[in-house]
Amino acid sequence: MIRDLAATAAATAGTAGAGWGAWTFLNGQARAARTVIPHRTDNAPNGDGIYGPDGAGPIRFRRSEPFDLHLMIFGDSTAAGLGAEVADETPGVQLTRMLADETGRRIRLSTKAIVGATSRGLSGQVDAMLIAGPPPDVAVIFIGANDVTSTSGIRASAKRLGSAVRRLRDAGAHVVVGTCPDLGVVAMIPQPLRTVIRQWGLRLAAAQAVETTAAGGKPVPLADLLAREFLAAPDRMLSADNYHPSAAGYELAARTLLPAVLAAVGEWGSGPLPDPPEVSAIAEDNRWSRRMREYVERAARHR
């Protein structure tokens, strides 16, 4: 990530000195960011079980316990719900309760997501699902943030996601993917590194959408749909670690995914799904990033 921006700075400024200065500056910011981005080893609350439309649940799953639909969550700490205080605040449980309420059905929730996972870990999560039993009716995947912070290659990360989606579809599951979130909402990451990380994440989200669609899944652009609210009220939308979402943030993510999940199980109706914007207007209107972009464009035109 830093190497890419340093190369861009060198190209637009036209001198090796300017490129080296950008490299040194951003490396320093990256070291600072690593001291404030939490490296958590705890687990999210586990809310697996069966939920009813009457608000019941979680009921411990047993083979003798009936349910109508099986929802399974794959991905990283965001998928698992790290930052939630109790299980009912995790995105999986909130989405399951919404789905039960909307459909009037009993929904079983299973979570395969692992804190700290990147797209490399999706294959193992799918393997675990195939070993444990029959596939779910709907698989929901949140992945991408750790690929950005570990500077994994965008193309390779998106391809790994596409492979996981394809395996789930081949097993008979419908798949909904919440693509890479906008890490530009995390204010404790200093500028200009925050803008670099944001652009990296948006590029990854776009590549994820292409691979997910090609593999037969439904991508939902979380960066486009959630950035406005997270930027407007970070104290409410982020948890105490100022990095992972809070209960309110996870509720918003679950409501954003709900239409695609309802459509997957045939409960959306005849109307079209919401058509999300290409880019979050508020995130794009960030004054520092706008000035930086305009400067780079002017320098490129000048060269």
Side-chain angles (χ1 to χ4, degrees), residues 1 37 39-44 46-48 61 69-82 90-92 95-96 108-181 183 197 200-223 244 250 253-254 257 260-261 264-265:
M1 191 187 314
I37 294 177
H39 179 65
R40 296 179 57 166
T41 58
D42 53 326
N43 290 317
N46 189 323
D48 287 2
F61 169 70
L69 290 170
H70 188 184
L71 174 68
M72 191 172 286
I73 309 293
F74 297 84
D76 55 19
S77 55
T78 304
L82 194 61
T90 62
L95 181 58
T96 300
R108 177 189 171 191
L109 170 66
S110 301
T111 304
K112 299 297 182 188
I114 298 174
V115 172
T118 67
S119 58
R120 293 180 185 275
L122 286 178
S123 178
Q125 294 178 25
V126 175
D127 289 341
M129 178 273 293
L130 293 172
I131 292 171
D137 297 289
V138 183
V140 172
I141 303 174
F142 294 82
I143 202 73
N146 293 328
D147 288 83
V148 171
T149 57
S150 64
T151 62
S152 300
I154 290 174
R155 179 179 174 82
S157 297
K159 289 287 185 184
R160 286 190 286 265
L161 170 61
S163 176
V165 172
R166 191 168 289 105
R167 291 180 66 197
L168 289 165
R169 291 290 293 131
D170 289 345
H174 297 284
V175 184
V176 175
V177 175
T179 56
C180 184
L183 295 180
I197 289 176
W200 189 284
L202 292 178
R203 287 170 57 199
L204 176 57
Q208 287 178 327
V210 171
E211 293 293 336
T212 297
T213 301
K218 173 64 179 177
V220 178
L222 295 184
H244 294 92
Y250 282 132
L257 290 168
V261 174
V265 298

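Just so you know, these numbers use all the heavy atoms, side chains as well, and skip hydrogens, waters and symmetry mates. Everything numeric in this text was worked out from a predicted model, so none of it was measured. Here, residue 1 is the first one in the sequence, and each next residue gets the next number.
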If you compare all heavy atoms of [X] against all heavy atoms of [Y], which two are closest, and at what distance to 0.1 Å?
X      : Y      : answer
Leu204 : Ala158 : CD1-N, 4.3 Å
Ala173 : Pro136 : CB-O, 3.3 Å
Arg169 : Gly216 : NE-O, 3.0 Å
Ala164 : Val126 : CB-CG2, 4.2 Å
Val115 : Ala80  : CG2-CB, 4.5 Å
Met129 : Lys112 : CA-CE, 4.1 Å

Partner set under side-chain contact (heavy atoms from CB on, under 4.5 Å) for [X], not counting sequence neighbours:
X      : result
Ala215 : Val165, Arg166
Ala171 : Leu130, Pro135
Pro181 : Ala145

Using side chain to side chain donor-acceptor pair (under 3.5 Å) as the criterion, list what pairs up with [X], not counting sequence neighbours.
X      : value
Asp127 : Arg167
Asp76  : none
Asp48  : Thr111

Quiz item: Crowded around Arg120 CZ? As in, over 12 foreign heavy atoms under 6.0 Å?
Solution: no
Quiz prompt | Main-chain N/O of Leu82 paired with Tyr250 side-chain donor or acceptor, under 3.5 Å | solution = yes
Quiz prompt | Test salt bridge (Lys or Arg N to Asp or Glu O under 4.0 Å) applied to Asp170 - qualifying residues, sequence neighbours left out | solution = none
Exercise. Using salt bridge (Lys or Arg N to Asp or Glu O under 4.0 Å) as the criterion, list what pairs up with Arg160, not counting sequence neighbours.
Key: none
I'd like a table of donor-acceptor pairs (distance under 3.5 Å, sequence neighbours excluded) in which one partner is a side-chain atom from residues 207-214, with atom names and distances.
unit_1, atom_1, unit_2, atom_2, d
Gln208, OE1, Cys180, N, 2.7
Gln208, NE2, Ile143, O, 3.2
Glu211, OE2, Lys159, NZ, 3.2
Thr212, OG1, Gln208, O, 2.8
Thr213, OG1, Ala209, O, 2.9

Practice problem: May I have the step-by-step check of side-chain contact (heavy atoms from CB on, under 4.5 Å) for Phe142 and Thr179, ending in yes or no? | Solution: CA-CA 6 Å; Phe142 294 82; Thr179 56; over 6 Å; no
Quiz prompt | Criterion side-chain contact (heavy atoms from CB on, under 4.5 Å) against Thr96, the qualifying member of Val261, Thr90, Leu109, Ile73 | solution = Leu109
Practice problem: For residues 133-149, pull every pair meeting salt bridge (Lys or Arg N to Asp or Glu O under 4.0 Å), keeping only residues two or more places apart or in separate chains. | Solution: none
Self-check item: side-chain contact (heavy atoms from CB on, under 4.5 Å) assessment of Ile141 paired with Leu161
Solution: CA-CA 9 Å; Ile141 303 174; Leu161 170 61; 4.1 Å; yes
Self-check item: Criterion side chain to side chain donor-acceptor pair (under 3.5 Å) on Thr78 and His244, from CA distance to verdict
Solution: CA-CA 7 Å; Thr78 304; His244 294 92; 5.5 Å; no
